[in-house]
Asks: 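Take this structure, written in structure tokens, and hold onto it; I'll ask about it next.
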Amino acid sequence: MPALVLLGAQWGDEGKGKATDLLGGSVDYVVRYQGGNNAGHTVVVGDQKYALHLLPSGILSPGCTPVIGNGVVVDPAVLLSELSGLAERGVDTSKLLISGNAHLITPYHTTLDKVSERFLGKRKIGTTGRGIGPAYADKINRVGIRVQDLFDESILRQKVEAALDSKNQVLAKLYNRRAIAVDQVVEELLGYADQLSGYVADTTLVLNNAIDRGQVVLFEGGQGTLLDVDHGTYPFVTSSNPTAGGACTGTGVGPTKISRVIGILKAYTTRVGAGPFPTELLDEDGEKLRTIGGERGVTTGRDRRCGWFDAVIARYATRVNGLTDFFLTKLDVLTGWERIPVCVAYEIDGKRVEELPYSQTDFHHATPIYETLPGWSEDITQAKTFDDLPKNAQKYVQALEEMSGAPISAIGVGPGRDETIQINSFL
Ligand code: IMP
């Protein structure tokens, strides 16, 4: 069972950090395959809480090699500050490997992200402002800067020049901003070269060799299925592929080598930023979920929008990712509700619809059809087995499993590493 993908089944923030960290002790490599420091993983180890943005959660597990794959966009300043922050807390970061083919987020990407959002006004995406979209746009436009370019000054300069040629026109003429000097960018980027050179590797080769040797490799998705640029609620998405296929393109490991795809699924739903969200609660229940669930972004500090569990989305995640398992997180947050509504289908223009509509117009008009399940009031944070859960919590989990199309193999009942019920092993 050598290669597993672990990804968000909803709009991100499902608690992936905890799930990855839980497996961290038994895996040899934890690999990020897409996204950048728009992600935010909170990992609680003992009494220590870590917020990771760019680094794979595996960095906290001794013995595990963390890898940043070619599909990730790397802001070198953020990476170095995250590394030094961990080193100060005694975490060994020396094993990190970074693909030389990963693209860099430069200061002009961050600037463009912010100004273009402002320019969109009411139509803005609500990005994290970290330069993710502009960096991926440059990658696809073939004017991106890669990690390996840091080690060849002449190539780096040519590429920065090419990239800034048109961007400076846009910045000055469209956004009324000052042009960005090539020298300044090149100098800043070259300043990172020595600090990063020791981490750069042919990660595709390393990972394929590891899998061939029978070592366990865990691919850790950032964001979530509904934020995928191809399969999410476009245009209110991120600019990469968090879905399972992204693990292949973002690392250079073929699909035949992936044995298991685990979807992290929150026991209710949240979303950050703009875009449709059928089960969103704009009432006291939404506020209660936000408060009890601590639903505030790790990266941006923004309040997350909260709503009831949506089984249509979970089924969709099973389909587009080929999920083999779910890890249900934050079940404890639902303790104390007398009745818990679950969205089982949508009503769109007077018709009942069971599957996620592919049309954006339909999805914007979807209203949830709820089934209401009985709640529980007992504290579940000490539960170690499924049988330890109150009967109604068991029924809630079973109902979600039936509606979602893949077995729930683990359940999070609290933020700590130990507060997990493991039903089936992931390895
Ligand atoms: P970007 O990834 O910064 O371009 O933002 C695009 C959309 O994805 C926005 O709605 C963000 O709020 C959302 N987003 C990006 N990263 C995350 C994440 O880690 N969790 C949840 N939402 C995210």
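Order of listing sets the numbers, starting from 1, for every ligand and every atom in it.
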Asks: To check your reading of the model: name the closest protein heavy atom to atom 11 (C) of ligand 1, its residue, and the distance in Å.
Replies: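 Minimum-distance protein heavy atom for atom 11 (C) of ligand 1 reads G126 O, 3.5 Å.
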Asks: Contact between ligand 1 and D113 is defined here as a heavy atom of the residue under 4.0 Å from a ligand atom; is it met?
Replies: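 No, D113 has no heavy atoms under 4.0 Å from ligand 1.
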Asks: So which heavy atom in the protein is nearest atom 3 (O) of ligand 1, and how far is it from that ligand atom?
Replies: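 Sorting protein heavy atoms by distance from atom 3 (O) of ligand 1 puts T128 OG1, 2.6 Å first.
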Asks: Starting from atom 15 (C) of ligand 1, what is the nearest protein heavy atom, named by residue and atom, and what distance separates them?
Replies: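 Here the closest protein heavy atom is Q223 CG, 3.7 Å.
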Asks: Any heavy atom of F236 closer to ligand 1 than 4.0 angstrom?
Replies: no
Asks: Who's the nearest protein heavy-atom neighbour of atom 5 (O) of ligand 1, and how far?
Replies: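 Scanning the protein heavy atoms, the shortest distance from atom 5 (O) of ligand 1 goes to T127 CA, 3.3 Å.
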Asks: Should you measure from each heavy atom of W11, which atoms of ligand 1 turn up under 4.0 Å away?
Replies: 21 (C), 22 (N)
Asks: Any salt bridge linking R305 with E280? Criterion: basic side-chain nitrogen under 4.0 Å from a carboxylate oxygen.
Replies: yes
Asks: In the protein, which heavy atom is nearest to atom 12 (O) of ligand 1, and how far is it?
Replies: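 Looking at atom 12 (O) of ligand 1, the protein heavy atom closest to it is R302 NH2, 3.0 Å.
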Asks: Which residue and atom name correspond to the protein heavy atom nearest atom 7 (C) of ligand 1, and how close is it?
Replies: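 Sorting protein heavy atoms by distance from atom 7 (C) of ligand 1 puts V237 O, 3.7 Å first.
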Asks: I'd like to know if E295 and R290 make a salt bridge, using a cut-off of under 4.0 Å between side-chain N and carboxylate O.
Replies: no
Asks: Of the protein's non-hydrogen atoms, which lies at the shortest distance from atom 2 (O) of ligand 1, and what is that distance?
Replies: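 Nearest protein contact, heavy atoms only, for atom 2 (O) of ligand 1 is T238 OG1, 2.6 Å.
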Asks: State the atoms of ligand 1, each with its element, that fall below the 4.0 Å cut-off from a heavy-atom position in G273.
Replies: 10 (O), 12 (O)
Asks: Hey, is D183 close enough to R157 for a salt bridge, meaning N to O under 4.0 Å?
Replies: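 Looking at D183 and R157, the cut-off is met.
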Asks: Give the numbers and elements of all ligand 1 atoms closer than 4.0 Å to a heavy atom of D13.
Replies: 20 (N), 21 (C)
Asks: Nearest protein heavy-atom contact for atom 13 (C) of ligand 1: which residue, which atom, what distance?
Replies: L227 CD1, 3.9 Å
Asks: Around atom CZ of R178, are there more than 12 heavy atoms of other residues, nucleotides or ligands at under 6.0 Å?
Replies: no
Asks: In terms of side-chain geometry, is the basic nitrogen of R130 or D113 positioned less than 4.0 Å from the acidic oxygen of its partner?
Replies: no
Asks: Compute both the distance and the angle, then confirm whether K288 meets the cation-pi test with W337: under 6.0 Å from the six-membered ring centre, within 45 degrees of the axis.
Replies: yes
Asks: Closer than 4.0 angstrom: is that true for some heavy atom of R271 and an atom of ligand 1?
Replies: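 Per 4.0 Å heavy-atom rule, R271 does not contact ligand 1.
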Asks: Are the charged groups of R260 and D325 less than 4.0 angstrom apart, N to O?
Replies: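 Result for this pair is yes, salt bridge flagged.
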Asks: Quick one: does V272 get an N or O within less than 3.5 Å of an N or O on ligand 1?
Replies: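 N/O-N/O distance under 3.5 Å: yes.
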Asks: So is R130 close enough to ligand 1, meaning a heavy atom under 4.0 angstrom away?
Replies: no
Asks: Apply the side-chain contact (heavy atoms from CB on, under 4.5 Å) test between R177 and each candidate in L112, V170, L171; give the one that qualifies.
Replies: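 For R177, the side-chain contact (heavy atoms from CB on, under 4.5 Å) check succeeds only for L171.
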Asks: Contact between ligand 1 and S239 is defined here as a heavy atom of the residue under 4.0 Å from a ligand atom; is it met?
Replies: no
Asks: Any ion pair linking R319 and E355 (charged N to carboxylate O, less than 4.0 Å)?
Replies: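 Yes, E355 and R319 are salt-bridged.
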Asks: Please check if atom CG in N176 has more than 12 non-hydrogen atoms from other residues, nucleotides or ligands closer than 6.0 Å.
Replies: no
Asks: Relative to each other, are the rings of F309 and Y396 parallel, tilted or perpendicular (30° and 60° limits)?
Replies: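 Geometry flag for Y396 against F309: perpendicular rings.
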Asks: Would you mind listing which atoms of ligand 1 come within a distance below 4.0 Å of any non-hydrogen atom of I125?
Replies: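 Within the 4.0 Å cut-off of I125, ligand 1 contributes 10 (O).
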